[in-house]
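In what follows, a single structure is set out as structure tokens and then discussed.
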Amino acid sequence: MHLEHRSTGVFALRICRTAVPFGAQRPGREGRRGNTLAVVSPTDERTEATTLPLLHRVSAVRRDTTTDEDWRSLERRLDTEFPRLERLFRDIYGDGPEAVEQLTLLTIDAANSWQDRSADLKAIDSRRAATPDWFQSNRMLGGVCYVDLYAGDLSGIRSRIPYFRELGLTYLHLMPLFLAPAENSDGGYAVSSYRAVNPALGTMAELAALTAELRENGISLVVDFIFNHTSDEHEWARKALAGDPEHEAFYWIFPDREMPDAYEQTVREIFPDDHPGSFVRLDDGRWVWTTFHSFQWDLNYRNPAVFRAMAAEMLFLANQGVDVLRMDAVAFIWKELGTSCENLPQAHWLIQAFNAVCRIAAPSLLFKSEAIVHPDQVVEYIDEKECQLSYNPLQMALIWSSLATRDVRMLSQALDRRHEIAPGTAWVNYVRSHDDIGWTFADEDVAELGINGSEHRRFLNAFFVNRFEGSFARGVPFQDNPRTGDCRISGTTASLAGLEAHDPQAIDRVLLAHSIILSTGGIPLLYLGDEVGQLNDYGYLDVPAHADDSRWVGRPKYPADAYSHRNDPTTDAGAIFTRLRRLIDTRASTTEFAGGRLVPFDAKNDHVLGYQRPGRNGGSAVVVLANFADTAERVAALTLSGLPAVALDLVTGTRLLLSGGLLLAPHQFVWLRVE
Ligand code: GLC
Ligand code: GLC
């Protein structure tokens with residue numbers, strides 16, 4: 001009773017107990033920027049004038065069918081989250097009438113969306129509120145695939161659920177499956193409508209049914225929220241092209257080159273193979289901002305109507321039952337003349353504002369950040385109040401760097417100083433994604449090791465595209481830009497690790513790479529098909545829409561043959577799959593691997609990576625030692641002298657004598673439980 005009538009809540013007070021006169025609250029110490037709407041000075045007429053109608057307008061959308069309890073739960077969340085949303089909105093958009101109106105409409109949308117949300121999803125909201133660390137479990141395992149390439153369509157994905165269970169998946173990222181241009185859609189990253197599934201893949205009703213079925217099987221669904229841009233076929237873009245001023249204001253459209261030239265002074269080229277610079281010319285002579293492909297138009301978040309429109313799309317997806325949104329291309333969403341237009345403060349505020357909207361209307365929905373940028377900037381997106389999950393592009397890149405150099409110092413340094421992230425958040429660790437591998441390590445970090453960053457990048461690019469004597473890798477260059485020297489790498493895990501080149505150590509490298517993502521802490525994410533050693537697919541060269549985008553080499557069709565041999569360890573597919581399955585099982589029963597805490601362990605050998613996973617409850621720990629060399633490597637007795645004389649290696653299930661030091665076979669790794 002007492003809790004339900006918390007006297008601090010604006011919404012609870014204003015909507016339930018409208019008898020309390022506005023302004024009866026004590027003025028906030030922080031004044032206008034105070035942390036709740038009630039905490040404003042009663043003399044601040046602007047806020048009073050705009051707040052009161054907002055509260056009335058929100059309460060006016062309460063439906064007859066909404067129970068008191070359900071409405072009160074919404075009010076409680078508004079009490080905690082609306083002040084944050086309001087502050088962010090003001091910081092981004094100021095407090096002019098248009099901004100205030102959009103905020104009001106946004107809040108009304110959120111209240112409606114909550115009332116649309118199914119009872120099942122509300123039950124999940126409550127369950128996850130009670131177990132907020134559910135995604136930190138050592139049982140979490142992610143997989144990612146394209147619906148069409150992996151299973152034909154959504155019903156094909158349903159039929160693969162038994163396999164997902166066999167593998168141990170708890171998190172499935174389906175690559176963009178929305179309506180998109182037929183010919184080239186950047187693999188679905190050019191969205192024409194978030195309300196429709198690409199008809200070749202299925203329907204929105206099937207997607208909603210799939211989320212429920214996956215959930216019954218212990219699997220959360222992840223889809224992309226591609227909010228930096230839409231396709232040029234999106235209704236908003238079509239209207240903008242036709243000259244509708246409301247929708248022109250959704251994009252960055254300029255009549256001539258003056259502003260594009262000014263912005264391009266400081267903006268980096270992302271897809272130079274597609275078009276130079278960041279703008280493309282429309283048929284009518286105007287210029288539109290397209291960071292990625294010419295058919296992906298950047299949205300203009302300086303317009304609060306854009307924020308509100310995209311928030312509505314986000315809530316629509318949330319109500320289909322999606323558990324996690326992969327926030328695509330977060331770095332690019334705010335533009336400011338004279339800057340790189342990447343990672344600007346407003347980009348963070350916008351994501352935080354989306355986060356606040358979710359907390360109000362779809363409280364269990366999580367965000368995963370896709371920021372493939374400098375590590376200092378990657379972490380800035382990671383926060384309970386921004387993105388609770390984030391790709392770990394540094395660890396990914398440095399796994400490959402270590403395999404190429406057989407030297408673990410860069411990876412070890414990254415684990416020491418860049419692994420720890422905010423409480424209540426987790427890394428998504430991966431060996432490779434559907435995209436290129438970019439060498440996003442910090443030059444200043446590696447300089448401390450005596451390594452020159454640009455030279456090392458040049459080496460890695462040469463090594464991974466087999467332009468380096470003795471390389472085992474068969475990658476393909478992506479966006480090779482001779483003008484800037486920039487280049488990235490495409491390819492499947494097996495091809496990059498040497499399987500395509502018939503290198504005898506390839507399979508061991510594939511396992512070693514995966515052992516790192518399975519043991520450092522966070523959600524390991526497999527690119528499905530890599531667990532059976534799929535090789536590069538050069539067929540993309542024959543598809544006109546793909547031929548110029550080498551990332552397609554790493555996106556083969558479902559490797560049916562390899563999967564059929566997965567339980568036969570005498571085949572490459574089976575050797576990888578059976579060993580990986582064992583690691584996955586071991587991880588799932590090793591609670592020390594829950595959470596993200598990692599303590600360095602210096603193996604005192606540049607080829608051997610070491611770290612400890614202390615677990616969350618103290619007591620035991622797992623010490624990991626991983627040999628990245630092609631030769632056997634020794635960890636000295638003295639180095640291990642702090643550990644017990646004998647320890648269980650969880651990888652093989654055997655007890656190892658540590659007192660005499662440890663000899664690791666080429667690419668061998670051990671997970672030592674020490675009590
Ligand atoms: C992300 C996607 C990539 C896409 C780009 C534009 O980086 O991962 O595949 O090309 O965004 O949407
Ligand atoms: C991403 C990255 C870029 C990457 C590209 C697509 O957002 O920032 O480095 O190569 O999009 O693959």
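Atoms within a ligand are numbered from 1 in the order they appear, just like the ligands themselves. Numbering of residues begins at 1 and proceeds along the displayed sequence. Values below: every heavy atom of this structure, side chains too, minus hydrogens, waters and symmetry copies.
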Side-chain H-bond candidate by donor/acceptor type, Tyr391 with Arg326, under 3.5 Å: yes
Given the ring of Tyr150, does Arg160 sit roughly above its face, with NZ or CZ under 6.0 Å from the centre of the six-membered ring and within 45° of the axis? yes
Mark up the atoms of ligand 1 that fall under 4.0 Å of a heavy atom belonging to [X], in ascending order.
{"X": "His229", "value": "6 (C), 12 (O)"}
{"X": "Arg551", "value": "3 (C), 4 (C), 9 (O), 10 (O)"}
{"X": "His434", "value": "2 (C), 3 (C), 8 (O), 9 (O)"}
{"X": "Glu370", "value": "1 (C), 7 (O), 8 (O)"}
{"X": "Gln296", "value": "6 (C), 12 (O)"}

Does Leu179 reach the side chain of Pro199, with side-chain heavy atoms less than 4.5 Å apart? yes
So, does Arg432 use its side chain to make a donor-acceptor pair with the main chain of Leu496 at under 3.5 Å? no
Met175 heavy atom under 4.0 Å from ligand 1: no
Less than 4.0 Å is my threshold; does some heavy atom of His293 fall inside it relative to ligand 1? no
Short version for Phe271: what comes under 4.0 Å of ligand 1, heavy atoms counted, is side chain
Quick one: are the ring centres of Tyr189 and His434 less than 6.0 Å apart? yes
For this output row, return yes or no: ring centroids of Phe279 and Trp287 closer than 6.0 angstrom. no
